[in-house]
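What follows is a single structure, written as C-alpha cells, with notes after it.
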There are 2 protein chains.
Amino acid sequence: MKNTKRAKLEAAGWAVGSVKEFLGLSDADAVLINMKLGLSRSLRDRRKKCGLSQVQLAEQLQSSQSRVAKMEAGDPSVSMDLLVSSLLLLGATSADLAKAIRGGEKGKGRHAA
Amino acid sequence: MKNTKRAKLEAAGWAVGSVKEFLGLSDADAVLINMKLGLSRSLRDRRKKCGLSQVQLAEQLQSSQSRVAKMEAGDPSVSMDLLVSSLLLLGATSADLAKAIRGGEKGKGRHAA
DNA sequence: TGACACTATGTCTGATATGACATAGTATTC
DNA sequence: GAATACTATGTCATATCAGACATAGTGTCA
C-alpha cells in the first residue's frame, strides 16, 4: 500500500469512499483504506460507548494518547493490525470486525447506503 | 501483538483455534491470530483457484515468492495489511474478507463468559 | 479571563515488517 | 538418477510502524 496516496486524499479533505480513483489510487488501495476507515470509526464508537477518553484507552492498550488519536483519525501510520487488536481489546468480536470492515466499504457498484 | 507467542504455538504444531490460552496467550491475541489464519487460508485458496504459482502471485504483488509462502503459512512476520491487500489484488471483495475473518474464528463469540 | 480535560499533530528513536536473496525440501517427469 | 517446477525456511538491509513526548487546538466551566 502506498500511504502517500492516502495522505494526499486526506490533505484534500476527501472522505475516501467517495473518490475511488480520483488520484492514481488503485481499486485495491481504495478498498483497503475504506476498510481501515471503517475500523477507525468503529474504534471511536466503541471507546465512546465505553465512556473512555483517549488517554484512558491508551492505558488499556499500553499505548499513548497520540497513537489512539491517530488510529481514530485514520492516520496512514497506523496498521490494520493495530486497529484490529485495539478493537479486540475493547471487547469486539470477529463478527463485529467483519461488520466494521464491510461498513467501511462504500458500495462498489452504487453508493447506496 | 506478541508474535513470539504465535511462534511458540506454531512450533508446538498447534492449530491455533484449538488452544485458546494453552499459553499465556490472551483472548484478543488468539482471536487476532485466528483472523490472520483465516486470511492465509483464503489467500491460498484464491491463488489456487486462479491457477497461479507463488512466484506468479509474487510478481502480481510486486513481492517475492518467499513472502507469499510466509503469508500462506501464517508466518508471524506477515501483517494483516499485507494479507488483506494481497487478497484484494486477487479480486476479493470486502465481503469476502469479512467472511474469511469470521471463518478464521473457531469458537463462539469471545465476549460473554 | 484562566484553568482544566480532551483531542490533534509533529517528530524522535527503537521495534517490526518488507522484499530480496540463498538454499533446502517436495513432487513430477523423463 | 537428473532435470524441472513449485513451495518452505532462514537471513539481511531497508522501509515502515510503534510508543513516547512535546505542543497546539478545542470546548467547558468558574
Side-chain angles (χ1 to χ4, degrees), chain A residues 1-13 28-29 32-33 35-37 39-41 43-89, chain B residues 1-13 28-29 32-33 35-37 39-41 43-89:
Chain A
M1 166 183 57
K2 290 287 151 317
N3 282 334
T4 46
K5 289 178 182 171
R6 180 174 195 180
K8 278 196 243 171
L9 278 179
E10 292 178 338
D29 279 345
L32 180 55
I33 290 178
M35 287 179 47
K36 284 201 189 182
L37 288 180
L39 294 170
S40 294
R41 282 190 281 268
L43 179 64
R44 184 182 294 253
D45 290 351
R46 195 166 278 270
R47 174 177 65 79
K48 294 210 159 158
K49 202 174 286 183
C50 292
L52 297 172
S53 70
Q54 290 184 345
V55 173
Q56 291 172 312
L57 176 53
E59 285 167 8
Q60 286 202 25
L61 297 175
Q62 315 215 81
S63 179
S64 56
Q65 179 267 327
S66 59
R67 201 118 281 274
V68 173
K70 286 179 223 281
M71 283 192 239
E72 295 185 353
D75 190 283
S77 85
V78 342
S79 71
M80 207 158 158
D81 293 70
L82 186 61
L83 284 167
V84 166
S85 44
S86 300
L87 278 162
L88 290 175
L89 229 49
Chain B
M1 165 181 59
K2 291 284 150 321
N3 282 334
T4 47
K5 289 177 181 171
R6 179 174 196 180
K8 277 197 244 171
L9 279 179
E10 292 180 336
D29 280 343
L32 181 56
I33 290 178
M35 287 179 46
K36 284 202 190 180
L37 288 180
L39 294 171
S40 294
R41 283 189 281 267
L43 180 65
R44 183 182 296 252
D45 290 351
R46 194 167 277 271
R47 174 177 65 80
K48 294 209 159 158
K49 202 174 286 182
C50 293
L52 297 172
S53 70
Q54 289 184 345
V55 173
Q56 291 172 313
L57 176 54
E59 284 166 10
Q60 286 203 25
L61 296 175
Q62 316 215 82
S63 180
S64 56
Q65 179 267 327
S66 60
R67 199 120 288 271
V68 172
K70 286 179 224 280
M71 284 192 237
E72 295 185 352
D75 190 284
S77 85
V78 341
S79 74
M80 207 158 159
D81 293 68
L82 186 61
L83 285 167
V84 167
S85 44
S86 301
L87 278 162
L88 291 175
L89 229 50

How many Å lie between [atom1] on [X] and [atom2] on [N], as a whole number?
{"X": "Met80(A)", "N": "dA17(C)", "atom1": "CE", "atom2": "C1'", "value": "16 Å"}
{"X": "Asp81(A)", "N": "dT16(D)", "atom1": "CG", "atom2": "P", "value": "16 Å"}
{"X": "Asp75(A)", "N": "dA20(D)", "atom1": "CG", "atom2": "P", "value": "17 Å"}
{"X": "Leu61(B)", "N": "dA20(C)", "atom1": "CG", "atom2": "C1'", "value": "15 Å"}
{"X": "Arg67(B)", "N": "dA20(C)", "atom1": "CZ", "atom2": "C1'", "value": "10 Å"}
{"X": "Gln62(B)", "N": "dA20(C)", "atom1": "CD", "atom2": "P", "value": "9 Å"}
{"X": "Leu57(A)", "N": "dG19(D)", "atom1": "CG", "atom2": "P", "value": "11 Å"}
{"X": "Leu83(B)", "N": "dG19(C)", "atom1": "CG", "atom2": "C1'", "value": "15 Å"}

Measure distances between side-chain N and O atoms of [X] and base N and O atoms of [N], and say whether any donor-acceptor pair falls under 3.5 Å.
{"X": "Lys70(A)", "N": "dG19(D)", "value": "no"}
{"X": "Gln65(A)", "N": "dA8(C)", "value": "yes"}
{"X": "Ser64(B)", "N": "dC21(C)", "value": "no"}

Within the distance-only criterion (no hydrogens, no angle test), does the side chain of [X] pair as donor or acceptor with the backbone N or O of [Y] below 3.5 angstrom?
{"X": "Asp81(A)", "Y": "Met80(B)", "answer": "yes"}
{"X": "Lys36(B)", "Y": "Leu83(B)", "answer": "no"}
{"X": "Glu72(B)", "Y": "Ala69(B)", "answer": "no"}

Gap between atom CG of Leu43(B) and atom CG of Leu57(B) - 0.5 Å precision =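 The distance works out to 6.0 Å.
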Do the side-chain N or O atoms of Arg44(A) get closer than 4.0 angstrom to the phosphate oxygens (OP1, OP2) of dA8(C)?
->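 Yes.
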Establish, with yes or no, whether the OP1 or OP2 oxygen of dT7(C) is under 4.0 angstrom from a side-chain nitrogen or oxygen of Arg47(A).
->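 Answer yes for this pair, as a side-chain N or O of Arg47(A) is under 4.0 Å from OP1 or OP2.
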Can you figure out which of [options] approaches the side chain of [X] most closely?
{"X": "Ala69(A)", "options": "dT18(C), dC6(C), dA8(C)", "value": "dA8(C)"}
{"X": "Gln54(B)", "options": "dA8(D), dT7(C), dG19(D)", "value": "dA8(D)"}
{"X": "Ser79(B)", "options": "dT7(C), dA17(C), dT7(D)", "value": "dA17(C)"}
{"X": "Ser66(A)", "options": "dG19(C), dA20(D), dG10(D)", "value": "dA20(D)"}

Comparing Met71(A) and Glu72(B) on DNA chain D - which has the more 5′ nearest nucleotide =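 Final value for this comparison: Glu72(B).
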More 5' along DNA chain C: Gln56(A) or Ser63(B), using each one's nearest nucleotide?
->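 That would be Gln56(A).
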Answer yes or no: is there a side-chain heavy-atom contact under 4.5 Å between Met71(A) and Ser86(A)?
->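 The answer is yes, as the side chains (C-beta and beyond) meet within the 4.5 Å cut-off.
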